[in-house]
Amino acid sequence: MQTIYTPEAPEAIGPYSQGIIVNNIFYSSGQIPLTPQGEMVEGGVQEQTRQVFQNVQAVLKEAGASLETVIKATVFIKNMDEFPLINEIYGEYFDQHQPARSCVEVAKLPKDALIEIEVTALVKS
């Protein structure tokens, strides 16, 4: 197993890593809309979704993967009524390549975030 860390994404806020590579598969921890400095992004779900994708891209890059190698994405959202707004931005990042996805409404996310995304991706050889 290889632990992934990049200063281009926020540090873990608990006893876990930003991600792990096992057998050429990268498993990310959930990314919330914190800046790499650990500050919550101002604004609504659209601004938060864009920051989450910046974080996801940073850990993918560090792992030797990319959005194009994502196999599965899991999206946790605080309000399913905001799904159309989230889905619009999600589609900007996953346009041609569309990995499998689950989306779940949850009661609460860390730091009162409105969205969290985790991904599983193939590491480029």
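For this chain, numbers begin at 1 and follow the sequence in order. Note: hydrogens, waters and symmetry copies are ignored here, and every other heavy atom, side chains too, is used.
At least one side-chain heavy atom of Tyr5 sits under 4.5 Å from a side-chain heavy atom of Glu11. Using a 4.5 Å heavy-atom threshold, the side chains of Thr74 and Lys72 count as touching. Lys124 is listed as a side-chain neighbour of Thr69, based on a closest heavy-atom distance under 4.5 Å. Residues Val52 and Pro33 are in side-chain contact: their nearest non-hydrogen atoms beyond the backbone lie under 4.5 Å apart. In this structure the side chain of Val75 never reaches within 4.5 angstrom of the side chain of Phe83, judged on heavy atoms. Ile25 is listed as a side-chain neighbour of Leu122, based on a closest heavy-atom distance under 4.5 Å. Side-chain atoms of Ile117 and Gln31, non-hydrogen and from C-beta on, never get closer than 4.5 Å to each other. Under the 4.5 Å side-chain criterion, counting only non-hydrogen atoms from C-beta, Leu114 is not in contact with Ile77.
Atom CD of Glu116 and atom CG of Asn55 lie 11.0 Å apart (nearest 0.5 Å). Between atom CE of residue Met40 and atom CD of residue Gln51 there is a gap of 10.0 Å, rounded to the nearest 0.5 Å. For the atom pair CD1 of Ile71 and NE2 of His97, the computed distance is 8.0 Å after rounding to the nearest 0.5 Å. Atom CZ of Arg50 and atom CD of Glu92 lie 4.5 Å apart (nearest 0.5 Å). Distance check, rounded to the nearest 0.5 Å: CD of Glu118 to OH of Tyr27 gives 11.5 Å.
Here the closest non-hydrogen pair linking Ile13 and Leu34 is CG2-CD1, 4.2 Å. Contact record, Ser66 with Leu60: C-CD1, 3.7 Å, taken as the closest heavy-atom pair. Residues Gln18 and Thr6 approach most closely at OE1-N, 2.6 Å, considering heavy atoms. Minimum heavy-atom separation, Asp112 to Lys78: OD1-NZ, 4.0 Å. For Phe94 against Leu67, the heavy-atom pair with the smallest separation is CE2-O, 3.3 Å. Here the closest non-hydrogen pair linking Arg101 and Tyr90 is NH1-CD2, 3.2 Å.
Linking ILVMFWY side-chain heavy atoms closer than 4.5 Å, directly or via other members, places Leu109 and Val104 in a single hydrophobic cluster. Hydrophobic clustering (side-chain heavy atoms under 4.5 Å, transitive across Ile, Leu, Val, Met, Phe, Trp, Tyr) keeps Val106 apart from Ile115. There is no path of hydrophobic side-chain contacts, each under 4.5 Å, that joins Ile20 to Tyr16. If you chain together hydrophobic residues whose side chains sit under 4.5 Å apart, Ile89 and Val119 fall into the same group. Cluster annotation: Ile86 and Val41 are assigned to distinct hydrophobic clusters (Ile/Leu/Val/Met/Phe/Trp/Tyr, side-chain heavy-atom contacts under 4.5 Å, transitive).
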Steps toward side-chain contact (heavy atoms from CB on, under 4.5 Å) verdict (Val56, Val70) | CA-CA 10 Å; Val56 167; Val70 170; 5.7 Å; no
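Between the Glu47 side chain and the Gly44 main chain, a donor and an acceptor come within less than 3.5 Å of each other.
A 6.0 Å sphere centred on CD of Glu42 holds no more than 12 heavy atoms belonging to other residues, nucleotides or ligands.
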